[in-house]
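I have placed the structure first, in the form of structure tokens, so that the comments after it can refer back to it.
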Amino acid sequence: MPIRVSCVILAAALAASGQSLRDLAKSKGVYFGAAGAVLFLNEGDYPTVLAREFNQLEPENDTKFGPIHPAPETYAWQRADALVEFGAKHGMRMRGHTLVWHNQNPAWLTKGSFTPVQLNGILESHIAAVMRHFRGKMIGWDVVNEAFNDDGTMRSTIWYDKPGIGLQGTGYIEQAFKWARAADPDAKLFYNDYNNEAICAKSDAMYAMVKDFKARGVPIDGVGLQMHLTLKPNLDTYEANIERFEKLGMIVEITELDVRVPVDASGKADPADLVKQAEIYERVVRGCLKFSACKAIQVWGVTDKHSWIPGVFKGTGEALIFDKAYQPKPAYTAVRKAFEAAK
Ligand code: G3I
């Protein structure tokens, strides 16, 4: 019964406020996305809310290297295929995440002691296999994820310096984008990172890389601002930052938005913090929608029930726009307001 009750309450909230967020986003020519997991597609309100409120879907984990390529000659497509099928059934745009990352790589890869030449071949064939499998189904990919440290230096990763695929500086990123373009010429190719929403050392490094790539014809279409935020976000230069990437011809997408708040021992937030959280959501969405380069805003999960935040940032939680019972939070209303206000 609790499931039925919460569905009724959600339906009532929507009826009172008119269109769903995906309808509003569509009316403004943008996508409102969520990271999703096939694990939850049969769970209570999850599929209902996902299909009703979001017109973009990105696998939270199922297209990462480890989950999708668990053994050298084995690709595990089933979970991601099921998400793609769900997205297609519900008219959602699918976004792929991520082909090249330092994290969530399989043990056969990280413990393999491969030479640069071997790693080069592994990465090229991984990108080709995954992108070709989803060709025509994924609108775009986070080709490379989180390659910079916060101070703008290159992050140590298996692809870069151990000893990597054998290329200096941003060379491995460039190579990955070239392989990605060859694998699926129609997919939009993104560089994605966190702590890059403001003008800062990390976004400066990204900017320099994109400028260089554009000048030399290296294929790149967009940048992702993940935006895993707290109640004290650094948003003073957020719009100026979007603007400078727009001027480089980049699509700019908000890819992993959540705003974590302090929670008590039972995981509950102070209602006043949820109001502050809502203001931040509204500001992020309003800021992005000022730019024609901004094509999508995506939250990192459907419900607080399954968010990655409490497991990683202890003492915080309730970071998303639906609570653990799939009820819309003040942040939901704030996103709605921001869409309604957009031209
Ligand atoms: O699926 C396995 C399960 O079989 C196993 O029993 C269980 C035991 O720990 O782990 C499960 O995998 C977990 C997976 O999430 C799926 O739930 C991994 O341990 C866990 O590490 C993984 O966390 C993900 C994290 O990336 C890994 O770094 C989070 O769900 C995911 O939200 C998070 O997403 C990243 C983005 O990709 C990139 N930007 C930052 C963002 C947050 O870290």
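FYI, the numbering just counts along the sequence from 1. Model, not experiment: these values are computed from the prediction.
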Would you indicate whether K137, at its atom NZ, is surrounded by more than 12 heavy atoms from other residues, nucleotides or ligands within a distance under 6.0 Å?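 No, the 6.0 Å shell around NZ holds no more than 12 heavy atoms from other groups.
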
Counting only heavy atoms not in E85, do more than 12 fall under 6.0 Å of its CD?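 Not buried by this count: 12 neighbours or fewer within 6.0 Å.
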
Parallel, tilted or perpendicular: rings of [Y] and [X] (30°, 60°):
{"X": "F54", "Y": "F32", "result": "parallel"}
{"X": "Y75", "Y": "W77", "result": "parallel"}
{"X": "F148", "Y": "Y191", "result": "perpendicular"}

Quick one: does Y238's side chain have a donor or acceptor within less than 3.5 Å of a partner on V284's backbone?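 Here the side-chain-to-backbone pair exists.
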
Would you say T98's side chain and D142's backbone share a donor-acceptor pair under 3.5 angstrom?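 Side chain of T98 to backbone of D142: a pair is present.
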
Answer yes or no: is there an ion pair linking D273 with K276, defined by an N-O contact shorter than 4.0 Å?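 Result for this pair is yes, salt bridge flagged.
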
Do W308 and L225 belong together in a cluster built from hydrophobic side chains that touch within less than 4.5 Å?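 In one cluster with W308: L225, no.
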
With hydrophobic residues grouped by side-chain heavy-atom distances under 4.5 Å, do I158 and W108 end up in a single group?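 Cluster IDs for I158 and W108 match.
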
Are R95 and F190 in a cation-pi setup, meaning NZ or CZ lies under 6.0 angstrom from the ring centre and within 45 degrees of the ring axis?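 Yes; both conditions hold, so R95 lies above the ring face of F190.
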
Using the ring of Y194 (Phe, Tyr or Trp, six-membered ring only), decide whether K202 places NZ or CZ under 6.0 Å from its centre and within 45 degrees of its axis.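 Relative to the ring axis of Y194, which defines the angle, K202 lies inside both limits.
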
Report the C-alpha separation of H126 and F65 in whole Å, then their side-chain angles, then the decisive distance to 0.1 Å, and conclude whether the ring pair (Phe, Tyr, Trp, His ring centres under 6.0 Å) test is met. CA-CA 8 Å; H126 174 81; F65 204 126; 3.6 Å; yes

